[in-house]
Amino acid sequence: MFSPTTTLLSLLAATAAVQGVTVIPSNSFSSVSTFETYWNYLYPWGSDHNGSARMRGSSSDHSHINPASGTLSLIATPTSNPSPPTSSANPHPAIHYASGAVHAKSQITVTRSNSYTISGDFSASTARGAWPAFWLTAVNGWPPEVDIGEWKGTNNNWYNTFNTSSVVRSDLVSWPSDLSFHSLKAVLTAESNNADVRIDFYMDNALRATQFGQGFVGKPMWLIINLQMEGSSGSPGPSGTTTYKARNVQVTRTGS
């Protein structure tokens, strides 16, 4: 026979599982100290990736990564160097910009007993050479990869799921070029085979695409917000400052 206390604790636990656990709260960009509770500077692997921007930022340098008043601003500025260095990451492009990237301290791992909702509001440049993104990528090897927001020099947001480098599903949704904020959301849920993950993509609260990640269950992923430049977005990139803004970014896990 259960005691009233045990019954109440069980009920509270069941209620929390249904309502969800907040992994990253929507106010994580309210100040530097709050930001540093939930986010790390740069990519998980360092400062370079597959474009011409090298990420810069730390607790003492917020010129390219600036969390304040509820908004994260990632700022890319051209660098002047007659002999620019090259990126340490494939395909090793020349570095033409200093910019910003952050990644969440909590990893996202979909299992058969949980689901994740990842959301936020974004002001993203669609200019040629600007390559902002809001995405998930594998902690161990690659893939999986899920691009919730990706802008590559056209007035579109790209929803992408990479099962391999050649097996990729992409859905393009029109995105305004006036730098207004729009909401994006992805809901990740394990399929009944307990191996694949269903990803439902929303923009401004409307379902825009559904994709499937083969074998994504149980594979941890990083959540990244970054402003890369050139690369897949084209070149030459902007000659002046480019700013990518995010606010109300939230991660919720339902289940255990």
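No hydrogens or angles considered: nothing links the side chains of S69 and T71 as a donor-acceptor pair under 3.5 Å. For the residue pair N160/S170, the side-chain donor-acceptor check at 3.5 Å is satisfied. Side-chain contact check for N226 and Y43: at least one donor-acceptor pair (N or O, by modelled atom type) lies under 3.5 Å. Between the side chains of T210 and D200, at least one donor-acceptor pair of N or O atoms lies under 3.5 Å. Side-chain atoms of Q228 and N50 form no donor-acceptor pair, as typed in the model, at a separation below 3.5 Å.
Side-chain atoms of S26 never come within 3.5 Å of backbone atoms of N248 as a donor-acceptor pair (strictly under, hydrogens ignored). No donor-acceptor distance shorter than 3.5 angstrom exists from the side chain of S235 to the backbone of G237, with no hydrogens or angles considered. Formation of a donor-acceptor pair under 3.5 Å by the R128 side chain with backbone atoms of T154 is not found in this model. Without hydrogens or angle criteria, S87 side chain to A89 main chain gives a donor-acceptor distance under 3.5 Å. No donor-acceptor pair under 3.5 Å is formed between the side chain of N157 and the backbone N or O of V173. Looking at T37, its side chain does come within 3.5 Å of a backbone N or O of S33 through a donor-acceptor pair. Side-chain atoms of S31 come within 3.5 Å of backbone N or O of T34 as a donor-acceptor pair. Under the 3.5 Å distance criterion, the side-chain polar atoms of T252 are left unmatched by any main-chain donor or acceptor of T117. The main-chain N or O of L227 is found under 3.5 Å from a side-chain atom of S99 such that the two form a donor-acceptor pair. Within the 3.5 Å criterion, the main-chain N or O of T189 finds no donor-acceptor partner in the side chain of S115.
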Quiz item: What's the verdict on side-chain hydrogen bond (donor to acceptor under 3.5 Å, both in side chains) for Q250 and T22, showing C-alpha distance, side-chain angles and the deciding distance?
Solution: CA-CA 8 Å; Q250 181 169 301; T22 300; 4.9 Å; no

Self-check item: Full working for side-chain contact (heavy atoms from CB on, under 4.5 Å) between W158 and D171
Solution: CA-CA 6 Å; W158 293 57; D171 290 284; over 6 Å; no

Exercise. Tell me, with the steps shown, if D178 and S180 meet side-chain hydrogen bond (donor to acceptor under 3.5 Å, both in side chains).
Key: CA-CA 6 Å; D178 61 1; S180 56; 2.7 Å; yes

Quiz item: Would D196 and R198 satisfy salt bridge (charged side-chain N to carboxylate O under 4.0 Å, His left out), going step by step from the backbone distance to the final call?
Solution: CA-CA 7 Å; D196 303 335; R198 173 186 174 126; over 6 Å; no

Quiz item: Given the rule in the side-chain contact (heavy atoms from CB on, under 4.5 Å) test, do F212 and N163 qualify, once you have shown the distances and angles that lead to the verdict?
Solution: CA-CA 9 Å; F212 296 88; N163 290 295; over 6 Å; no

Exercise. Decide side-chain contact (heavy atoms from CB on, under 4.5 Å) for I225 and L74; before the verdict, give the C-alpha distance in whole Å, the side-chain angles of both, and the deciding distance to 0.1 Å.
Key: CA-CA 9 Å; I225 309 173; L74 301 181; 3.9 Å; yes

Practice problem: Would you sort out whether F122 and F181 count as a ring pair (Phe, Tyr, Trp, His ring centres under 6.0 Å), showing the intermediate values? | Solution: CA-CA 5 Å; F122 300 89; F181 277 93; 8.2 Å; no

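H92 NE2 to D48 CG: the interatomic distance, rounded to the nearest 0.5 Å, is 10.0 Å. Separating the CG atom in L136 from the CG atom in L223 is a distance of 5.5 Å, to the nearest 0.5 Å. Note that CD of E230 is 9.5 Å distant from CD1 of I95, once rounded to the nearest 0.5 Å. Note: E145 CD to F162 CZ = 5.0 Å, rounded to the nearest 0.5 Å. Atoms CD1 and OG1, on I75 and T242 in that order, are 10.5 Å from each other to the nearest 0.5 Å. Here F201 contributes atom CZ and L184 contributes atom CG; the two are 10.0 Å apart, rounded to the nearest 0.5 Å.
Counting non-hydrogen atoms of other residues, nucleotides and ligands closer than 6.0 Å to CZ of R112 gives a total of 12 or fewer. More than 12 heavy atoms of other residues, nucleotides or ligands lie within 6.0 Å of CH2 in W135, so this atom counts as buried by the packing criterion. Remark: Q214 CD is loosely packed, at most 12 non-hydrogen atoms of other residues, nucleotides or ligands lying under 6.0 Å away. Within 6.0 Å of the CG atom in N81, the count of heavy atoms belonging to other residues, nucleotides or ligands exceeds 12. Within 6.0 Å of atom NZ in K245, 12 or fewer heavy atoms from other residues, nucleotides or ligands are found, so the atom counts as exposed in its surroundings.
Annotation for T111 and S256: closest pair OG1-O, 3.8 Å, computed over non-hydrogen atoms. Counting all heavy atoms, side chain and backbone alike, T137 lies closest to W45 at CG2-CZ3, 4.0 Å. Heavy-atom minimum distance, A138 versus W222: O-CD1, 3.7 Å. Summarising the geometry of S239 relative to P78, their closest heavy-atom pair is O-CG, 3.3 Å, with the distance given to 0.1 Å. The minimum heavy-atom distance linking L42 with G57 is given by the pair CD2-N, 3.9 Å. For S233 against A130, the heavy-atom pair with the smallest separation is OG-O, 2.7 Å.
In summary, of the residues considered (R56, H64, H62), a side chain to side chain donor-acceptor pair (under 3.5 Å) with Y41 occurs for H62 alone.
For the pair K185 and Y202, the cation-pi test (distance below 6.0 Å, angle within 45°) is passed. The cationic atom of R247 (NZ for Lys, CZ for Arg) does not lie both less than 6.0 Å from the six-membered ring centre of F29 and within 45° of the ring axis. At least one cation-pi condition fails for K105 and W39: the charged atom is not both under 6.0 angstrom from the six-membered ring centre and inside a 45 degree cone around its axis.
Side-chain contact between M203 and Y159 is present, with at least one heavy-atom pair separated by less than 4.5 Å.
W131 and W151 have their aromatic ring centers separated by at least 6.0 angstrom.
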